[in-house]
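What you see below is based on every heavy atom in this structure, not just the backbone, and it leaves out hydrogens, waters and symmetry mates. Residues: numbered from 1 along the sequence shown.
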Amino acid sequence: QLQLVESGGGLVQPGGSLRLSCAASGASLDSYTIAWFRQAPGKEREGVSCMNRPGTGTWYADSVKDRFSASRDDAKNTVFLQMNSLKPEDTGIYYCAASVYRWCPATPYDYWGQGTQVTVSA
């Protein structure tokens, strides 16, 4: 069974950067559509990005477009979310998720990581 483990979260000042990792085991990520979600306290979970299967494009939420960039390292079976120019509004728990559906938004997502906390504060 596919398992996902996020890492790389932490505390960063506004304008700073973080790189989140999502390491997969149990299956190869090239068979899945991969998305990042985030959830702030008291708020609904929202989609951040969605990577279609290799060879196709990536969708980003308007709120993070031009600041966040998703990528993948097939050799490491890992996906990343590079977050630049971070704002306090980016604070939340970030999750990676995988779907067998081919095209974004590719809901529902059957596989989820445990989440990693990102806090943007001065």
Main-chain N/O of Glu6 paired with Gln114 side-chain donor or acceptor, under 3.5 Å:
yes
Looking only at atom types and distance, does a side-chain atom of Asp110 sit under 3.5 Å from a main-chain N or O of Ser99, one as donor and one as acceptor?
no
Can Gln39 and Tyr94 be said to form a side-chain contact (heavy atoms from CB on, under 4.5 Å), step by step?
CA-CA 7 Å; Gln39 187 168 23; Tyr94 283 69; over 6 Å; no
Could you tell me whether a side-chain N or O of Thr116 sits under 3.5 Å from a main-chain N or O of Gly9, the two making a donor and an acceptor?
yes
Closest non-hydrogen contact found for Gly115 with Ile93 is CA-CG2, 3.9 Å
Decide whether Val64 and Tyr95 are clustered together by the hydrophobic rule: side chain heavy atoms of Ile, Leu, Val, Met, Phe, Trp, Tyr closer than 4.5 Å, transitively.
no
Has Thr91 got a side-chain atom pairing as donor or acceptor with Val120's backbone, closer than 3.5 angstrom?
yes
At what distance, to the nearest 0.5 angstrom, does CH2 of Trp36 lie from OG1 of Thr58?
13.0 Å
Could you tell me the separation between the CD1 atom of Ile34 and the CE atom of Met51, rounded to the nearest 0.5 Å?
6.0 Å
Which heavy atom in Arg72 sits nearest to a heavy atom in Asn52, and how many Å separate them?
NH1-O, 3.7 Å
Can you name the closest pair of heavy atoms from Ser69 and Tyr60 and give their distance?
CA-OH, 3.4 Å
Between Ser17 and Asn84, is there a side-chain donor-acceptor contact under 3.5 Å, judged purely by atom types and distance?
yes
Arg45 versus Arg38: any side-chain heavy-atom pair under 4.5 Å?
no
Where do Ala24 and Leu2 come nearest, in terms of heavy atoms and distance?
CB-CD1, 3.9 Å
Does Lys76 offer a backbone N or O that forms a donor-acceptor pair with the side chain of Asp73 under 3.5 Å?
yes
Return the minimal non-hydrogen interatomic distance between Leu81 and Ser49, and the atom names on each side.
CD1-OG, 4.1 Å
How many angstroms lie between CD in Glu89 and OG in Ser63, if you round to the nearest 0.5 Å?
9.0 Å
Tell me, do Leu11 and Gln117 make a side-chain contact under 4.5 Å, heavy atoms counted?
no
In short, ring-ring contact (aromatic ring centres under 6.0 Å, His included) pairs touching residues 98-122 with sequence neighbours left out are Tyr32-Tyr111, Phe37-Tyr109, Phe37-Trp112
Of Val79, Leu29, Thr78, which meets side chain to side chain contact (heavy atoms under 4.5 Å, CB included) against Leu4?
Leu29
I'd like to know if the side chain of Arg67 reaches the main chain of Ser85, judged simply by a donor and an acceptor atom lying under 3.5 Å from each other, with no hydrogens or angles considered.
yes
Ignoring hydrogens, what is the shortest heavy-atom contact between Ala106 and Thr33? Give both atom names and the distance.
CB-CG2, 3.7 Å
Check against side-chain contact (heavy atoms from CB on, under 4.5 Å), Phe80 and Leu20:
CA-CA 5 Å; Phe80 305 93; Leu20 305 183; over 6 Å; no
So, Asp90 side chain and Lys87 main chain: donor-acceptor pair closer than 3.5 Å or not?
yes
